[in-house]
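Have a look at the structure below before the remarks.
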Amino acid sequence: MLNFDLYMPARIVFGRGTQKEIGKLIKPHAKKVLLHYGGGSIKKTGLYDQVIASLNESGIGYVELGGVVPNPRLKLVHEGIELCRRENVDLILAVGGGSAIDSAKAIAMGVYYDGDVWDIYETGKPIQKALPVAIILTIPAAGSESSGDTVISNEEKGRKYGYGSPLLRPLVSVMNPELFFTLPKEQIAAGVADMMSHIFERYFTNTTHVDLTDALSEATLRTIIANAPRLIDDPRDYDAWAEVGFAGTVAHNGLLGMGREQDWACHDMEHELSAAYDVTHGAGLAVLTPAWMKYVHKDNIDMFAQFALNVMGVSKGLRDKEELVREGIARLQGFYRRMGLPQTLGELGIDGSRLEEMARKGTREYYGKEHPLGGLKKLYWQDVLNIYRIAK
Ligand code: NZQ
Ligand code: ZN
């Protein structure tokens with residue numbers, strides 16, 4: 001096990017009706033908030049009215065900025081920063097999924113930053129201050145409700161970069177599984193693929209003597225795999241949502257990665273797909289993850305055999321590990337298929353014409369400073385291209 005520094009404060013207020021408590025929850029921290037949300041689902045579902053009623057009841061003033069799109073854009077972040085400064089906002093309330101939350105976090109740090117907030121994403125330099133962010137989660141997927149991370153797309157530069165700071169950990173996140181009932185099936189499936197990937201990125205490692213985080217990761221994955229198909233059959237299944245929603249938070253609050261070298265190659269490779277083709281993050285991951293497994297598993301076959309046995313429930317003997325691993329990957333693909341997720345880049349609408357460009361950009365080779373991706377196996381741009389080709 002490697003040395004680590006675990007700091008994961010995240011207040012999660014969970015359960016039926018909890019969104020109505022939001023005014024009371026943030027009252028001690030805010031006189032005036034920016035209400036930040038996406039393309040309007042919260043108005044259709046009636047959540048918007050409930051939030052406004054709760055803010056009014058608690059005497060909290062607000063200004064609002066909707067219109068966050070999936071793969072949230074820098075332009076709206078700039079607008080939000082201006083608005084917060086002009087209106088002396090002291091807290092941002094994001095109501096939505098990873099996109100609204102990440103946009104809120106970008107605004108929260110941009111308010112106190114003198115230059116263009118995009119600099120922070122490009123340089124990764126530590127921030128000194130950010131407005132507090134509170135959340136009402138409407139889709140469990142990105143795990144942004146418990147992470148200090150934000151991912152933003154710079155539409156002008158065609159780049160999608162992430163940034164993390166402990167100062168961006170949400171003050172409080174409200175999670176009511178009933179709010180997930182209205183999600184379209186593609187979003188349910190993409191969210192599930194994303195949260196599973198957050199576990200894979202930490203689970204697949206060359207670090208040894210990490211039994212506890214291995215077991216916690218496996219249990220979280222098994223919980224998702226057992227419950228997620230029930231949501232495709234019945235998106236109003238509260239109990240299944242409760243399991244999947246909580247698992248999505250555990251997947252990304254940091255605990256599962258402690259003491260182990262992490263990977264993140266699939267996420268880096270996927271961010272290039274989202275930047276170039278605006279694909280849904282989780283759908284991109286469902287296509288790339290099995291391709292990545294096929295490409296790298298020989299570098300640590302024991303790790304992948306453990307996955308096949310403990311997560312995918314393969315019960316074949318251990319004599320032929322290659323066969324065991326192949327069966328594990330096939331079962332994962334079968335699960336994605338059951339969820340209705342795409343299996344190839346072609347199904348995502350991506351042809352072969354920009355694969356090399358994406359591989360060179362993803363590893364930064366394109367910008368003259370190649371930085372291999374991954375931990376379990378270091379991937380240079382040619383490796384990334386090979387993986388994109390397997391996924392074709
Ligand atoms: O915009 P609205 O109208 O609200 O519609 C949204 C959106 O179209 C819809 N939706 C959300 N809740 C709904 C609903 N529709 C009906 N009923 C509901 N209850 O779902 C669509 C997707 O929303 P989005 O917020 O984009 O989804 P998600 O949570 O998957 O977020 C994806 C973003 O998070 C980033 C991704 O890269 C992507 O940009 N990530 C952020 C991370 C982090 N901050 O820690 C880590 C992740 O790895 C990920 O990269
Ligand atoms: Zn993700």
Side-chain angles (χ1 to χ4, degrees), residues 8 10 19 36-48 65-74 76-77 94-106 108 121 133 135-154 159-165 168-170 173 175-202 231 235-236 241 245 248-249 251-254 257 262-275 278-286 288-289:
M8 47 170 216
Q19 74 278 14
H36 198 39
Y37 54 90
S41 73
I42 67 163
K43 289 197 171 158
K44 275 189 224 134
T45 59
L47 176 57
Y48 175 89
L65 181 64
V68 183
V69 293
N71 301 322
R73 309 293 201 269
L74 184 61
L76 195 72
V77 170
V95 184
S99 297
I101 301 169
D102 287 2
S103 184
K105 290 176 178 174
Y121 290 86
V133 173
I135 289 160
I136 298 177
L137 190 69
T138 65
I139 168 173
S144 192
E145 72 280 6
S146 68
S147 81
D149 301 333
T150 157
V151 188
I152 292 291
S153 294
N154 182 327
R159 295 184 198 174
K160 179 175 178 182
Y161 286 176
Y163 175 78
S165 162
L168 297 179
R169 291 247 178 201
S173 294
M175 186 191 295
N176 173 2
E178 290 169 323
L179 301 181
F180 310 149
F181 289 177
T182 51
L183 277 165
K185 288 190 180 169
E186 317 80 70
Q187 291 295 342
I188 298 175
V192 163
D194 189 20
M195 62 178 76
M196 287 173 75
S197 177
H198 295 155
I199 306 171
F200 292 152
E201 302 283 21
R202 296 171 165 99
L231 299 171
R236 302 180 68 82
W241 268 130
T249 288
H252 204 41
N253 68 6
Q262 303 184 24
D263 199 90
W264 298 99
C266 288
H267 265 69
D268 287 336
M269 291 189 291
E270 195 294 314
H271 284 173
E272 289 307 311
L273 305 187
S274 289
D278 201 19
V279 304
T280 303
H281 174 61
L285 288 167
L288 293 177
T289 301

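Numbering of ligands and ligand atoms starts at 1, following listing order. Because the structure is a prediction, the values reported are computed rather than measured.
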What are the atoms of ligand 1, with element, lying closer than 4.0 Å to any heavy atom of [X]?
X	result
His198	46 (C), 47 (C), 48 (O)
Ala141	29 (O), 30 (O)
Ile139	11 (C), 12 (N), 29 (O)
Thr182	16 (C), 17 (N), 18 (C), 19 (N)

In terms of its nearest heavy atom to atom 4 (O) of ligand 1, the top option of Gly38, Pro70, Ser41 is Ser41
Nearest candidate to atom 38 (C) of ligand 1, where distance is taken over non-hydrogen atoms, out of Lys43, Lys160, Glu145, Glu186: Lys160
Sorted by chain and residue number, the side-chain contact (heavy atoms from CB on, under 4.5 Å) partners of Ala104 (sequence neighbours excluded) come out as His36, Ile92, Ala94, Val133
Below 4.0 Å from any atom of ligand 1, is there a heavy atom belonging to Gly40? yes
Does ligand 1 have an atom that lies less than 4.0 angstrom from a heavy atom of Pro72? yes
Heavy-atom nearest neighbour in the protein, as seen from atom 2 (P) of ligand 1, with distance rounded to 0.1 Å: Gly39 N, 3.3 Å
Between [X] and ligand 1, is there a nitrogen or oxygen pair with a distance under 3.5 Å?
X	result
Lys105	no
Ile42	no
Gly98	yes

Structural part of [X] in contact with ligand 1, heavy atom criterion under 4.0 angstrom:
X	value
Ala142	both
Lys44	neither
Asp102	side chain

Hey, is there an N, O or S on Asp194 sitting under 2.8 Å from the Zn ion (ligand 2)? yes
With the threshold set strictly below 4.0 angstrom, can you tell me whether any protein non-hydrogen atom sits that near atom 9 (C) of ligand 1? no
Is_contact(atom 49 (C) of ligand 1), protein non-hydrogen, under 4.0 Å: yes
